[in-house]
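Report on one structure; see the data block that follows.
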Amino acid sequence: MERFEKKLTKTDEGSMLVIPARFSRNHMRPVEGGRSENIRVVDVGGTEWTFGYYVRRHRNPRPVLRSGWRRFVLEKELKVGDRIIFERVDGFPELYRIGAKKRIHLFGQVVWTDVL
DNA sequence: AGCCATGCACCG
DNA sequence: CGGTGCATGGCT
């Protein structure tokens, strides 16, 4: 799994992007629990973003993207049910690419459109 | 209000 | 039982 895709939940839209545990284990540098580390993410339009990669501690350890994530969501106008694709850029330890797709209704059909 | 850190609960 | 969605409480 070099990339993951997920439908945004309410948590993802409102506060933080929960990263699939397997992806973080396999493709992201381990971060000390409770510490936040910035990672660089480039979107499809070439814009570079910096997100705080944070690993929760204690009973529910889990990797999330937090600082900066909300701004991304607002800027792209992402909603629950939209999808994002997140993948690592080969050869760059802390560089990732992100793409978003929005659910829109067009002539009664559900259509997925890329967000730039 | 928004960010931060984590507790809780549910589901496969 | 691990993974993850959601809630909450403190702080600014």
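Letters A, B, ... mirror the listed sequences (proteins, then strands); counts begin at 1. What's counted below: heavy atoms across the whole structure, side chains too, no hydrogens, waters or symmetry copies.
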Determine all donor-acceptor pairs shorter than 3.5 Å in which one atom belongs to a side chain in residues 67-76 of chain A; sequence neighbours excluded.
unit_1: A:Trp69; atom_1: NE1; unit_2: A:Asp12; atom_2: O; d: 2.7
unit_1: A:Arg70; atom_1: NH1; unit_2: A:Gly14; atom_2: O; d: 3.2
unit_1: A:Lys76; atom_1: NZ; unit_2: A:Asp43; atom_2: OD2; d: 2.8
unit_1: A:Lys76; atom_1: NZ; unit_2: A:Leu116; atom_2: O; d: 2.5

Practice item. Evaluate side-chain contact (heavy atoms from CB on, under 4.5 Å) for A:Leu17 paired with A:Leu8, printing each intermediate quantity in order. Key: CA-CA 8 Å; A:Leu17 176 70; A:Leu8 294 191; 4.2 Å; yes
Review point. Between A:Arg57 and B:dA5, does any side-chain N or O lie under 4.0 Å from OP1 or OP2?
Key: no
Each nucleotide N or O in nucleotides 10-12 of chain B that has a protein N or O under 3.5 Å away: list the pair and distance.
none

Which atoms of nucleotides 1-4 of chain B (N or O only) lie under 3.5 Å from a protein N or O atom, and what are those distances?
unit_1: B:dC3; atom_1: OP2; unit_2: A:Arg70; atom_2: NE; d: 3.2
unit_1: B:dC4; atom_1: OP1; unit_2: A:Ser67; atom_2: OG; d: 3.2
unit_1: B:dC4; atom_1: OP2; unit_2: A:Ser67; atom_2: OG; d: 3.2

Can I get a per-line list of side-chain donor-acceptor pairs under 3.5 Å for residues 35-42 of chain A, giving both atom names and the distance, sequence neighbours left out?
unit_1: A:Glu37; atom_1: OE2; unit_2: A:Arg29; atom_2: NH1; d: 3.0

Practice item. Not counting sequence neighbours, which residues clear salt bridge (Lys or Arg N to Asp or Glu O under 4.0 Å) with A:Arg83? List them please. Key: A:Glu5
Review point. What residues form a ring pair (Phe, Tyr, Trp, His ring centres under 6.0 Å) with A:Tyr96, not counting sequence neighbours?
Key: A:Phe86
Check your understanding: Can you list the residues that meet the salt bridge (Lys or Arg N to Asp or Glu O under 4.0 Å) rule with A:Glu87, with sequence neighbours excluded?
Key -> A:Arg3, A:Arg97
Point to revise | Whichever hydrophobic residues join A:Val111 through chains of side-chain contacts under 4.5 Å | key: A:Ile104, A:Leu106, A:Phe107
Taking only N/O atoms, report every protein-nucleotides 3-5 of chain C pair under 3.5 Å with atom names and distance.
unit_1: C:dG3; atom_1: OP1; unit_2: A:Arg25; atom_2: NH1; d: 3.0
unit_1: C:dG3; atom_1: OP1; unit_2: A:Arg25; atom_2: NH2; d: 3.0
unit_1: C:dT4; atom_1: OP2; unit_2: A:Ala21; atom_2: N; d: 2.9
unit_1: C:dT4; atom_1: O4; unit_2: A:Asn60; atom_2: OD1; d: 2.8
unit_1: C:dG5; atom_1: OP2; unit_2: A:Lys6; atom_2: NZ; d: 3.1
unit_1: C:dG5; atom_1: N7; unit_2: A:Arg62; atom_2: NH1; d: 2.7
unit_1: C:dG5; atom_1: O6; unit_2: A:Arg62; atom_2: NH1; d: 3.0
unit_1: C:dG5; atom_1: O6; unit_2: A:Arg62; atom_2: NH2; d: 2.4

Exercise for review: Test A:Leu65 against every option in A:Trp49, A:Tyr54, A:Phe51 by the side-chain contact (heavy atoms from CB on, under 4.5 Å) rule and name the one that passes.
Suggested key: A:Phe51
Practice item. Please indicate whether A:Gln109 has more than 12 foreign heavy atoms, meaning atoms of other residues, nucleotides or ligands, lying under 6.0 Å from its CD. Key: no
Practice item. Would you please name every residue forming a side chain to side chain contact (heavy atoms under 4.5 Å, CB included) with A:Arg103, sequence neighbours left out? Key: A:Asp82, A:His105, A:Val110, A:Trp112
